[in-house]
Number of protein chains: 2
Amino acid sequence: MTSASIIGFAALKEEVRQRIASREWPPGSLIPNEQEIALEFGCSRSTVNRALRELAESGLLERKRKAGTRVALTPVRKATFSISIIRQEIERAGEKYSYLLIDRQHIKPPTLIQKLWRLGESDKILHVKSLHLGSSRPFALEDRWINTIEVPSALDADFENDSANEWLVKNAPFSHGEISFSSQNSTASDSKYLDVTEGSALLLLERSTWSNKIPITSVRLCYRPGYRLIATI
Amino acid sequence: MTSASIIGFAALKEEVRQRIASREWPPGSLIPNEQEIALEFGCSRSTVNRALRELAESGLLERKRKAGTRVALTPVRKATFSISIIRQEIERAGEKYSYLLIDRQHIKPPTLIQKLWRLGESDKILHVKSLHLGSSRPFALEDRWINTIEVPSALDADFENDSANEWLVKNAPFSHGEISFSSQNSTASDSKYLDVTEGSALLLLERSTWSNKIPITSVRLCYRPGYRLIATI
DNA sequence: TAGTGGTCTAGACCACTTG
DNA sequence: AAGTGGTCTAGACCACTAA
C-alpha cells in the first residue's frame, strides 16, 4: 500500500480517482470500507466519508449501506455547467453588451403554459421578446413568459434598458429549475433578428424556473450559430 | 424567528432557499454567520456548514472567510445533467437498442488532435464511426478518436457488437472530461445515416475525456432532430 | 442481525480576508 | 488583529439492507 500519511478529503478524492483510472480498483469492484480507508491514510472516517460521498455524487462510485462502496460499473457521470446572466457571458468574452427590446405584451399565454402554471382561463401574463447583442452582433434571441400572477411587480418594469433576464435575477430569485437543449432550424423571424440565413441550425435552450414550487418564468433562448456551451465532468 | 428546533442539513438548505426566495434574505445581503444560524436552529456548526457550503457550490450563496456569507447578487447558477451510455439512454426511453459499426480505421489523426494529444507525427490512432439506433430508427451518429498510444488494448476490440462508447466505459475509466454543445446543419453524410433532410438542425455534442491528464478519447455525437437533453438547476 | 454508510456533535486548529 | 469560513477529529447514534 502506497499511502500518504497526511491527507485531506480533496487529496483523498484524487487518490481514489487514480486508483480507479489505473484499474487498481476496476469498474464494479468493491473498495475497502470507510474505516479501512481511514486507517490506511491515517485520517478520520469523516474525511473518508466526505471524499467518497462526493465521488458518489459525481457518479463515479455507488454506495449502499451494508453492501459497501463499488466503483460504478456503467457510470452515469454528472456534468455541470454555469448559467450566468447573458450580459455577463458576453462581457466575459470581451465583447460589448447591448440589448434590444422587441416586444412586451400583457396577454393570455398559450394553453400549454396556462395549464402548466395552473392559471385561470382569462389570466393575462407578461410576454417579453428581446435580443442580446455582443459588440453589436446578434448573440441570442430571447422569448419569455413571466408569471405576473405570482410576480406582479414585473408589470412595473418596462425592460427597455434592463433585460428581463437581469430583472428577474435581481427581483425574483428562483429555487429550482429545468433546462433543455435542442436544436432547431432558424425560422424567417429568427433569421431576421439573428441576421442569419433562414434554416441555419440554432442551439435552443429552454429554461423554466420555480420559487418554492411556484412557477416564475419560462424562457426560450436561440443562440447564434457557432455558439458553444461548455460543461465539465 | 420561526425556526424548527430539530433540523438536518437538508432541511436547513431548504429553509435557507425559502428565505432567499421570499426575500427575507434578499440578493446581495449578508446572512448570519454559521455560529448564529446553528444557535437559531439548535444544531451544530458542522451541520450549518454543510448546508451553506452546498448552497454555495450550487451558486446561490457566496462565502468568504471573515467577510461572511452573502446571497449571490447575480447568481451564476450551476446546472447538472447525467451522461450515460447511449444504450442505457435509449433503453430507458423504452426503445430497443441497436448499433451499427460504420467504419473503423487505424490511421493518422487530424492535426488538431495530433497536437492536442501530443502525438508523434507518424503515430496512428483509432478512428471509429458508428450509428446508435432506437427501435431501428437512427438516434445518434458517433465519430470517435481513441488514443491507442495510451490505450493500446482498444486495437484488439473490433467494436462490431459492442460500441466503442460501451467498451471505453468498461475498459478505460476516465477521471475528467469536457463537453460542448452546439448545433449544426446536417451534412449529406449525416443525413444519409440519420435519415433526415439535408440541412436539418442537429444537436452536436463533443466530448473529450482524460484519465489522469492522459487523453483517452474524443467523440462527436450528432443527435437526431427532436432530441432534447435535460438538465436541472 | 450484523455490517455498512449517513448524519450529527462538540471541539479544535487553521487559512484567509478585511479593517 | 480579529472574525469568519474550511477542515479535521473522535465519537456517537441511526437507517438501511444484504445475508
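In what follows, chains carry the letters A, B, and so on, assigned in the order in which the sequence lines appear, proteins first and then strands, with residues in each chain numbered from 1. The basis for the numbers below is simple: all heavy atoms, side chains too, and nothing from hydrogens, waters or symmetry mates.
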Across all chains, not counting sequence neighbours, the salt bridge (Lys or Arg N to Asp or Glu O under 4.0 Å) partners of E91(A) are R87(A)
May I ask you to list the residues of residues 56-71 of chain B, by number, that have any heavy atom positioned under 4.0 Å from an atom of DNA chain D?
-> R63(B), K64(B), R65(B), K66(B), G68(B), T69(B)
Heavy atoms of chain B, cut-off under 4.0 Å: which first and last nucleotide of DNA chain C, 5' to 3', fall inside that, if you could look?
-> dT7(C) to dT18(C)
Under the ring-ring contact (aromatic ring centres under 6.0 Å, His included) test, residues paired with F181(A) that sit two or more places apart | F81(A), F181(B)
Salt bridge (Lys or Arg N to Asp or Glu O under 4.0 Å) filter on R17(B), not counting sequence neighbours, yields E14(B)
Among residues two or more places apart or on two chains, list those pairs meeting salt bridge (charged side-chain N to carboxylate O under 4.0 Å, His left out) that have a residue in residues 211-223 of chain A.
-> none
Tell me what S46(B) touches on the nucleic acid: a base, only sugar-phosphate, or nothing, going by heavy atoms under 4.0 Å.
-> base
For DNA chain C, the residues among residues 29-36 of chain A that have a non-hydrogen atom under 4.0 Å from it = N33(A), E34(A)
Taken in chain and number order and not counting sequence neighbours, the residues that satisfy side-chain contact (heavy atoms from CB on, under 4.5 Å) with S182(A) are L204(A), E206(A), R228(B)
Applying side-chain hydrogen bond (donor to acceptor under 3.5 Å, both in side chains) to S208(B) and not counting sequence neighbours gives S218(B)
Residues in salt bridge (Lys or Arg N to Asp or Glu O under 4.0 Å) with E150(A), at least two apart?
-> none
Taking only residues two or more places apart in sequence or in another chain, which ones pass salt bridge (Lys or Arg N to Asp or Glu O under 4.0 Å) with R137(B)?
-> E95(B)
Sort and list the pairs that fulfil side chain to side chain donor-acceptor pair (under 3.5 Å) and have at least one residue in residues 53-70 of chain B, not counting sequence neighbours.
-> K13(B)-E54(B), E34(B)-R63(B), N49(B)-R53(B), R50(B)-E54(B), R63(B)-T69(B)
